[in-house]
Amino acid sequence: MTNDRPVRVRFAPSPTGMLHIGGARTALFNWAFARSNGGKFILRIEDTDTERNSDESLQSILESMKWLGLDWDEGPQAEGDFGPYYQSQRVDMYQAAIEKGMGEGWLYRCFATADELESQREEARSNKVNWQHDARWRELSANESQAKADAGDAFVIRFRVPVGECVVIKDHIRGEVKFASDEVEDWVAVRSNGMPTYNFVCAIDDSEMQISHVIRGEEHLVNTPKQVMLCQALDMPVPDFAHVPLILGSDGKKLSKRTGDTALGDYIKSGHPDDALFNFLCLLGFAIDDKTTVFSRDELLQNFELKKISKGGALFDTDKLNWICGEYIRNTSVDDLCTAVAPFMVAAGYQLAPELLAKLVTALQPRANLYSHFSEQAAGLVSEVTYDEKAKKELSKEGVLQYLELVAAQLQDGEWPPTDFFDLVKQIASDNEVGVGKVMKPLRCALTGALGGPELADVLNILGREQSISRLAKAGQLV
RNA sequence: GGCCCCAUCGUCUAGUCUGGCCUAGGACACCAGGUUUUCAUCCUGGCAACAGGGGUUCGAAUCCCCUUGGGGUCACCA
């Protein structure tokens, strides 16, 4: 079943938008397959849709790939022997194939207009009949066809699908998948504007670039017989395939904007650690074994196999993504976290000295799942304090003022940061014959404005002596 | 609707190819305890699945068939 060609795989996005989360996973599987087999990973840009291409999209796709750590051996910004890697620059090759096909008769001109076809389809729909392509032009003689073309009649070029054949696709995830050629229409290979279509160029490029395994989304499975038949017509090698299951939204349908962010860039912006997202994407339709959930890139490469990819679609579970992001954050050194978090602090408008950032990161590390959580939770600590309703209520309880004053008095002198802060609070509590919480809670509210948050000792350390004392005083006035 | 793909806890999955080690394992979520000044982290425990029906077999989550369910696709998009 496996072909014995050197492993060459490709990811082939079209620059018509941001990198989709499903595309990112497909790219990741391609990358993993190449890297775990000593093969090459090629990035090819499918820019045949001149109407919708944009350089902005291309740049953002390249950036997203790099962010995920998916480096490519050949493609844009990388030399290779099989270029160019932009389809728009490969038209000469396609032209040669078109001429060959016209000469050998497996391509033919179809003079039906788009409007004609659309109304035929409409009619088929309303009659609840299966649409079949308009075969009127299939048997037109070469001379007549040429004459009409010379007369200036508009046409597309279709692929003449052989009758009565069975196309077998070798798929490393699904086994052999069979299609009857009679179920495949005479698809459009060249548009009326002369630009070849996806199925045409994709198959030719995969062959020309000596792609050994085409790993792509399951939505392409039905295109595969078209591409295989084209390779056969051109007498070019047919790659092996691996059609990976779709990523589904919470509605169970193909992931779309309706059910959450679909672009990788959105997840970058919202502060997801790259390694965590990488790990999570792998988990959607793949497992190393029956136990391992969190793993590194190296562990993946040591264990990656196409046949381990599952066949069914996977729902995108943001709960699990959140959890795994937290796992990574908790396992990252404070130094590295500071580097990762710094841009988010700047974006939130905080200019923090490195020592202060480190203190903050240390205190917040156990309760953050995203880099952006650090800047969000830093709010009351490095900027003006605001008291939420619960905090105000807590501060209004009886006896609070004296506790705040007692603590403030203790903080006035002595070591900073206080090494025995907790003991100090316990002492005050027992002196007043109340539980520790009676003192701790209002103290926390006075210092942070909220009932929850990091260790108070950390909070003091972040705030500094002066700020701590002034907050106690300020809260005291509220009481 | 035609064609194609798929089907194990609510979710992601291990086990399926190569039937018996499966009383079906892990993780997320959820619930309950514990640690903790709070929240979080952390620890312990719990809940929870082989879609249904027929075969084959000494034995089926695993092989075969049917049904049901879900998804993809049916463009001069990719």
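The figures that follow rest on heavy atoms only: side chains count, while hydrogens, waters and symmetry mates do not. The chains referred to below are lettered A, B, ... by the order of the sequence lines, with proteins before strands, and numbering in each begins at 1.
- As judged by a 4.0 angstrom heavy-atom cut-off over every strand, A:His243 is placed among residues making no nucleic acid contact.
- Using a 4.0 Å heavy-atom cutoff across all strands shown, A:Ser250 reaches no nucleic acid atom at all.
- Using a 4.0 Å heavy-atom criterion, one finds that A:Glu327 contacts the sugar-phosphate atoms exclusively.
- Relative to the ring axis of A:Phe304, A:Lys308 does not place its NZ or CZ within 45° and under 6.0 Å from the centre.
- Of the possible donor and acceptor atoms, one in the side chain of A:Glu299 sits under 3.5 Å from a partner among the backbone N and O of A:Ser296.
- In this structure, A:Thr197 does not reach the B:rC76 phosphate: none of its side-chain N or O atoms is under 4.0 Å from OP1 or OP2.
- B:rU68 and B:rG53 have their P atoms separated by 15 Å, with the value rounded to a whole Å.
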Exercise for the section: Apply salt bridge (charged side-chain N to carboxylate O under 4.0 Å, His left out) to the pair A:Arg444 and A:Glu394, showing each step before the final yes or no. Expected result: CA-CA 10 Å; A:Arg444 165 175 299 284; A:Glu394 182 64 34; over 6 Å; no

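- Regarding A:Phe241, its CZ atom lies at a distance of 17 Å from the C1' atom of B:rG72, rounded to whole Å.
- Phosphate proximity of B:rU13 to A:Thr293: absent, as no side-chain N or O sits under 4.0 Å from OP1 or OP2.
- As a whole-Å value, the separation of A:Leu255 CG from B:rG70 P is 20 Å.
- Looking at heavy-atom distances under 4.0 Å, A:Leu456 makes contact with a base.
- Residue contacts for A:Gly252: at a heavy-atom cut-off of 4.0 Å it reaches the sugar-phosphate backbone alone, with no base atom in range.
- Comparing the C1' positions of B:rG33 and B:rC17 gives a spacing of 44 Å, expressed to the nearest Å.
- The listed nucleotides are B:rA40, B:rU37, B:rA78; the one nearest the side chain of A:Asn223 is B:rA78.
- Checked against B:rC5, B:rA29, B:rG26, the side chain of A:Lys320 finds its nearest nucleotide in B:rG26.
- A:Lys311 comes within 4.0 angstrom of the backbone, heavy atoms only, and of no base.
- Residue A:Asp186 is tested with A:Arg160, A:Arg138, A:Arg158 for a salt bridge (charged side-chain N to carboxylate O under 4.0 Å, His left out); the sole match is A:Arg138.
- Rounded to whole Å, the separation between the P atoms of B:rC4 and B:rA27 comes to 40 Å.
- Counting non-hydrogen atoms under 4.0 angstrom, A:Ser192 reaches a base of the nucleic acid.
- When heavy atoms are screened at a 4.0 angstrom cut-off, A:Asn322 is found touching no nucleic acid atom at all.
- A:Lys148 forms a cation-pi arrangement with A:Phe111, by the criterion of a distance under 6.0 Å to the ring centre and an angle within 45° of the ring axis.
- At the heavy-atom level, A:Glu51 lies nowhere under 4.0 Å from the strands shown.
- One can place CG of A:Leu283 at 12 Å from C1' of B:rA14, the figure rounded to the nearest angstrom.
- Per the geometry, CG belonging to A:Asp182 stands 17 Å off P belonging to B:rG2, to the nearest Å.
- With a 6.0 Å cutoff to the six-membered ring centre and a 45° limit on the axis angle, A:Arg10 does not count as a cation-pi contact of A:Phe41.
- Nucleic acid contact class of A:Leu451 (heavy atoms, under 4.0 Å, all strands): base.
- Side-chain proximity of A:Tyr198 to B:rA78, B:rC5, B:rU37: nearest is B:rA78.
- If you measure from atom CG of A:Leu284 to atom P of B:rC6, you get 18 Å, rounded to the nearest angstrom.
- A gap of 24 Å separates the C1' atoms of B:rU44 and B:rA49, to the nearest Å.
- Residue A:Gln402 qualifies as enclosed at atom CD: its count of foreign heavy atoms under 6.0 Å is above 12.
- Among the protein residues, A:Arg444 comes within range of the nucleic acid bases, having at least one heavy atom under 4.0 Å from a base atom.
- Checked against B:rG72, B:rC28, B:rA78, the side chain of A:Ser14 finds its nearest nucleotide in B:rA78.
- Across all strands, A:Phe280 comes closer than 4.0 Å to no nucleic acid atom at all (heavy-atom distances).
- Of the candidate nucleotides B:rC28, B:rA78, B:rG71, B:rC28 has the atom nearest to the side chain of A:Trp323.
- For A:Ala287, the listed nucleotide lying nearest its side chain is B:rU13; candidates were B:rC3, B:rU73, B:rU13.
- Of the P atoms belonging to B:rA32 and B:rG69, the separation is 38 Å, rounded to the nearest Å.
- Checking A:Asn199 against A:Phe286, the closest nucleotide of RNA chain B that is more toward the 5' end is the one next to A:Phe286.
- The side chain of A:Glu218 sits closest to B:rG71 out of B:rG71, B:rU11, B:rU13.
- Residue A:Lys178 places none of its side-chain N or O atoms closer than 4.0 Å to OP1 or OP2 of B:rC3.
- Both A:Arg330 and A:Glu183 lie near RNA chain B, and the one whose nearest nucleotide falls closer to the 5' end is A:Glu183.
- In this entry the distance linking NZ of A:Lys254 with P of B:rG70 reads 18 Å, nearest Å.
- With distances taken from any side-chain atom of A:Arg158 to the nucleotides B:rC76, B:rC4, B:rA78, the minimum falls on B:rC76.
- At a threshold of 4.0 angstrom between heavy atoms, the contacts of A:Val156 include nucleobase atoms, whether or not backbone atoms are also involved.
- OP1 or OP2 of B:rG71 lies within a sub-4.0 Å distance of a side-chain N or O belonging to A:Lys253.
- Counting any heavy atom pair closer than 4.0 Å across all strands shown, A:Gly285 reaches sugar-phosphate atoms only and no base atom.
- Each of B:rC76, B:rC28, B:rU37 was ranked by its minimum atom distance to the side chain of A:Met440; first place goes to B:rU37.
- Atom P of nucleotide B:rA24 and atom CG of A:Asp290 are separated by 15 Å, given to the nearest angstrom.
- The side chain of A:Leu246 has B:rG71 as its nearest neighbour among B:rU11, B:rG71, B:rU41.
- Although no hydrogens or angles enter the test, the distance criterion places a donor-acceptor pair under 3.5 Å between the side chain of A:Asp182 and the main chain of A:Gly164.
- Atom CZ of A:Arg174 and atom P of B:rC17 are 19 Å apart (whole Å).
- Look at B:rU16: it lacks any Watson-Crick or wobble partner with both distances under 3.5 angstrom.
- With a cut-off of 3.5 Å on both Watson-Crick or G-U wobble distances, the partner of B:rA24 is given as none.
- Rounded to a whole angstrom, the distance from the C1' atom of B:rG15 to that of B:rA60 is 13 Å.
- Here the side chain of A:Thr292 pairs no donor or acceptor atom with the backbone of A:Ile288 at under 3.5 angstrom.
- OP1 or OP2 of B:rC76 sits under 4.0 Å from a side-chain N or O of A:Arg121.
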